[in-house]
Amino acid sequence: MSAQSAYPHLLSPLDLGFTTLRNRVLMGSMHVGLEEEKNGIEKLAAFYAARAKGGVGLIVTGGISPNIAGWVAPFAGRMSSARHARKHKKITDAVHAAGGKICMQILHSGRYGYHPFAVSASAVKSPITPFKPRALSSRGVRRTIKDFTRCAKYAQQAGYDGVEIMGSEGYLINQFFCPRTNHRDDEWGGSLENRARLAVEIVRQTREAVGEHFIIIYRLSMLDLVEGGANWDEVVYLAKAIEQAGATLINTGIGWHEARVPTINTSVPRAAFTWVTERLKKEVSLPLITTNRINMPDVAEKVLSDGQADMVSMARPFLADPDFVIKAENNRADLINTCIACNQACLDHAFEQKRASCLVNPQACYETELNFPEAAHKKVIAVIGAGPAGLACATYAASRGHTVHLFERDAEIGGQFNYAKQIPGKEEFYETLRYYATQLKETGVHLHLNTRAGKDELRSINADEVVLATGIVPRSLSVPGIDHPSVLSYLDVLRDHKPVGKRVAIIGAGGIGFDVAEYLVENEHLTLERDKWLAHWGIDKTYQRPGALSEPAPAEPARDVYLLQRKTSKPGKYLGKTTGWIHRLSLRHYHVNMIGGVSYERIDDDGLHIRVNDQPKTLAVDNIIVCAGQEPNAGLRDELIADGFQVHVIGGADVAAELDAKRAIRQGAELAATL
């Protein structure tokens, strides 16, 4: 490491006694769906090896069940036999060959199991699964402990450097510890000592089984964020007991999956929960790992230099950029493809039983399938449009050795990302634009701003192929009075910053409608104000109540807003699986009126005339903002084809539905790989 390193704490080794980690960076656990795919182990090996090669100090795998009852879903990853261990040897061999260390996470889902064999401390159904669990008998609890220890032994045989025991996020061990889900009156319930016994015995017996020279991380729920969760004294008690039982490290867990508080999405401030890890450092002597919304090396460095933790866990940032650590070591944070915490390709995919990837890095989890080798025949490629699809295609194509010219009619790159970055809670899009601006320079793309490309421009560069990434145009509405001065499009608001009155009706409750609503009601960007954000969502830093919950303290809305849609379904129903509820709840905090089943009658000086459930109503608003979808902007295609150019159409110019940046970037990357 350079003596002039900008991140001396982050990049310093961590001595665990029997082994040393090369730096203070943990790649946190993520279930990516490869665990269950055909040839998934080989793909996982390539996935983890890329991160090991990228310099991460310690990797933790996605959750692997110790038995069938602990499955997250039927036929999910399991480690309960020598056959399983032999398969996993491919993963550990690949990581070790790349110079890394890796632990396997042992996760028993308990009542979160999406299958009829689910078990828990008590027969209390989860609100996020349809299956009611069976309460484990005392004998069943002891058998489960043996399954954990046997699982750890098999992980050791498979070549793992350690295990992480998942005691957080509302999974089985957490279910035993909290009164919310443990209603037992035997030796595994009731008193604090009894409720902690499962966790302590798993760690103690695992240590006995694997010996001293094997990493045991315990993932401790430091903030449950649910009613009936643990209080602070109970968290401290369990941490001390886990330390005595033989753990090597304690990792921070934040929130149950059923908590109605956001913990990892993009609206959560960076390093929002490191204060709770810092508080526990005063109580135990084991190294502590902190986590959640740490996505750049300067943020991680400050956490460590301030003494809030001994190590930093970043999970999704290693989906976004496998070379995160190497770039930090080289003092080139500007090259990092930053995780924007959108959840669209990672968690949303995982909860839909699909392979995870990354919106900003479509190569994540496709390391054996999507690659960008040097092109055998170098071409001149013209890319028209510097939105997400065009930027991805241009930079990937240039990295292969093609000569790429990128034409953009506006004065800056980014397309729709320039509007998204203005939405409160979506400030991370600035990082994506910084990344692409750097990549354009690094890969040698010829950038032509303020340029409307046509056949003359394309002929002047002798373009061999043309990529049309010209985006979308807002869909117009056919409503009497749609040309009234009070009517604005979302581009009028986010691009042109036209003034908007205090009373607003938004037509269209898709992703754009929700974004515009949040833009209009928030007086300040709470993502940039951690303590205000915590209070807004009812998180109590003083930990006066179990689960660290308090009454939310929402800010006053900047405007009175109606969010309307024609569909009779719940507004926001089709937003992201893991983030839609956050957007809906956020708007409710600001008293936004969300109304479905609306028909639009007319617009005049009195406002917007609508009909709901066949009842007429007039919304006396100052402005009506149209967010009613978009159409592909591909008018150049036929003209260019007629002029003899070979044309590819990608992104919104191809399919305009919901401004899908995930699909646009992947489409741009996949095309670049074939050019």
Side-chain angles (χ1 to χ4, degrees), residues 28 111-112 126-129 167-171 174-175 177-181 219-232 234-235 251-280 290-295 313 315-316 341-343 346-348 351 424-426 428 514 518 521-522 524-555 572 575-592:
R111 73 178 191 148
Y112 282 167
S126 157
I128 61 175
T129 52
S168 182
E169 265 78 358
Y171 290 110
N174 214 173
Q175 292 162 25
F177 188 60
C178 290
R180 177 182 183 84
T181 43
R219 183 82 168 266
L220 173 68
S221 185
M222 297 188 196
L223 288 171
D224 289 325
L225 301 179
V226 290
E227 296 291 341
N231 62 42
W232 178 248
E234 291 173 332
V235 171
N251 196 358
T252 301
I254 303 294
W256 288 34
H257 285 307
E258 63 206 72
R260 294 294 88 182
V261 177
T263 57
I264 59 172
N265 83 300
T266 192
S267 67
V268 177
R270 290 179 173 185
F273 302 106
T274 55
W275 53 271
V276 75
T277 314
E278 180 182 26
R279 184 169 176 175
L280 191 63
T290 198
T291 188
N292 284 44
R293 287 289 287 124
I294 299 167
N295 65 346
S313 172
R316 294 169 301 165
C342 67
N343 291 2
C346 50
L347 284 176
D348 283 357
F351 280 99
K426 291 193 173 182
E428 295 291 6
F514 269 80
E518 293 192 50
V521 295
E522 282 205 23
E524 55 188 331
H525 287 213
L526 291 177
T527 305
L528 308 178
E529 300 281 346
R530 185 180 75 174
D531 287 350
K532 287 184 179 179
W533 182 89
L534 292 170
H536 178 88
W537 283 99
I539 302 169
D540 177 20
K541 284 180 69 176
T542 66
Y543 226 128
Q544 297 298 305
R545 288 171 49 189
L549 293 175
S550 62
E551 288 300 316
L575 298 179
K577 190 172 183 67
T578 60
T579 55
W581 67 270
I582 300 172
H583 294 299
R584 289 189 293 271
L585 189 53
S586 180
L587 292 189
R588 281 200 288 271
H589 281 167
Y590 285 108
H591 312 299
V592 172

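Every heavy atom of this structure was used, including side-chain atoms; hydrogens, water molecules and symmetry mates were not.
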Report task. Check the pair Leu280, Leu220 against side-chain contact (heavy atoms from CB on, under 4.5 Å), reporting the backbone distance first and the verdict last. Result -> CA-CA 11 Å; Leu280 191 63; Leu220 173 68; 3.8 Å; yes
The side-chain hydrogen bond (donor to acceptor under 3.5 Å, both in side chains) partners of Thr578 (sequence neighbours excluded) come to Asn343, Asp348
Rounded to the nearest 0.5 Å, the CG atom of Asn231 sits from the SG atom of Cys178 at a distance of 9.5 Å
Short question: side chain of Glu258, backbone of Trp256 - any donor-acceptor pair under 3.5 Å?
no
Gly253 and Ser168 have their tightest heavy-atom pair at CA-OG, 3.1 Å
Could you check whether any side-chain heavy atom of Leu549 comes within less than 4.5 Å of a side-chain heavy atom of Val261, counting everything from C-beta outward? yes
Rounded to the nearest 0.5 angstrom, the CD1-OG1 distance for Ile582 and Thr263 is 7.5 Å
Pro179 and Gly229 have their tightest heavy-atom pair at CD-O, 4.4 Å
Heavy atoms of Arg111 and Pro127 approach each other most closely as NH2-CD, 4.0 Å
Residues Leu223 and Ala548: closest non-hydrogen pair is CD2-CB, 3.3 Å
- Donor-acceptor under 3.5 Å (Arg279 side chain, Trp232 main chain): no
- Task: Measure from the side-chain N and O atoms of Glu428 to the backbone N and O of Thr266, and report whether any donor-acceptor pair falls under 3.5 Å.
- Result: no
Sorted by chain and residue number, the side-chain hydrogen bond (donor to acceptor under 3.5 Å, both in side chains) partners of Trp537 (sequence neighbours excluded) come out as none
Self-check item: Parallel, tilted or perpendicular, as decided by the 30° and 60° cut-offs, for the rings of Trp533 and Phe273
Solution: perpendicular
Applying salt bridge (Lys or Arg N to Asp or Glu O under 4.0 Å) to Asp531 and not counting sequence neighbours gives Lys541
Between the side chain of Glu551 and the main-chain N/O of Gly538, is any donor-acceptor distance below 3.5 Å?
no
| pair Phe514-Val592: side-chain heavy atoms closer than 4.5 Å | no
Handout entry: Trace of the side-chain contact (heavy atoms from CB on, under 4.5 Å) decision for Arg316 with Ile264
Key = CA-CA 10 Å; Arg316 294 169 301 165; Ile264 59 172; 3.3 Å; yes
Applying salt bridge (Lys or Arg N to Asp or Glu O under 4.0 Å) to Arg545 and not counting sequence neighbours gives Glu227
By salt bridge (Lys or Arg N to Asp or Glu O under 4.0 Å), Lys532 pairs with (sequence neighbours left out) Glu524
Residues at least two apart in sequence or cross-chain that pass salt bridge (Lys or Arg N to Asp or Glu O under 4.0 Å) with Glu234, listed by chain then number, are Arg195
When rounded to the nearest 0.5 Å, the distance separating OH of Tyr543 from OG of Ser550 is 12.5 Å
Residues passing the ring-ring contact (aromatic ring centres under 6.0 Å, His included) test with Phe177, sequence neighbours excluded, are none
| message | I'd like to check Ile294 versus Thr274 (side-chain heavy atoms, cut-off strictly below 4.5 Å). Are they in contact? | response | yes
Sorted by chain and residue number, the side chain to side chain contact (heavy atoms under 4.5 Å, CB included) partners of Ala259 (sequence neighbours excluded) come out as Leu225, Val226
The side-chain hydrogen bond (donor to acceptor under 3.5 Å, both in side chains) partners of Ser267 (sequence neighbours excluded) come to Asn265
When rounded to the nearest 0.5 Å, the distance separating NZ of Lys577 from CG of Leu347 is 12.0 Å
Gly28 and Ser313 have their tightest heavy-atom pair at CA-OG, 3.5 Å
Residues passing the side-chain hydrogen bond (donor to acceptor under 3.5 Å, both in side chains) test with Thr252, sequence neighbours excluded, are Thr277
d(Met222 CE, Asn292 CG) to nearest 0.5 Å is 11.0 Å
His583 meets the ring-ring contact (aromatic ring centres under 6.0 Å, His included) criterion, sequence neighbours left out, with none
field: Note, Asn174 side chain near Glu169 side chain (heavy atom, < 4.5 Å)
entry: no
Note: Ala555 and His536 closest approach over all heavy atoms is N-ND1, 3.7 Å
Sorted by chain and number, sequence neighbours left out, ring-ring contact (aromatic ring centres under 6.0 Å, His included) with Tyr112 holds for Tyr171, His257
dist Arg530:CZ -> Arg270:CZ (nearest 0.5 Å) comes out at 14.0 Å
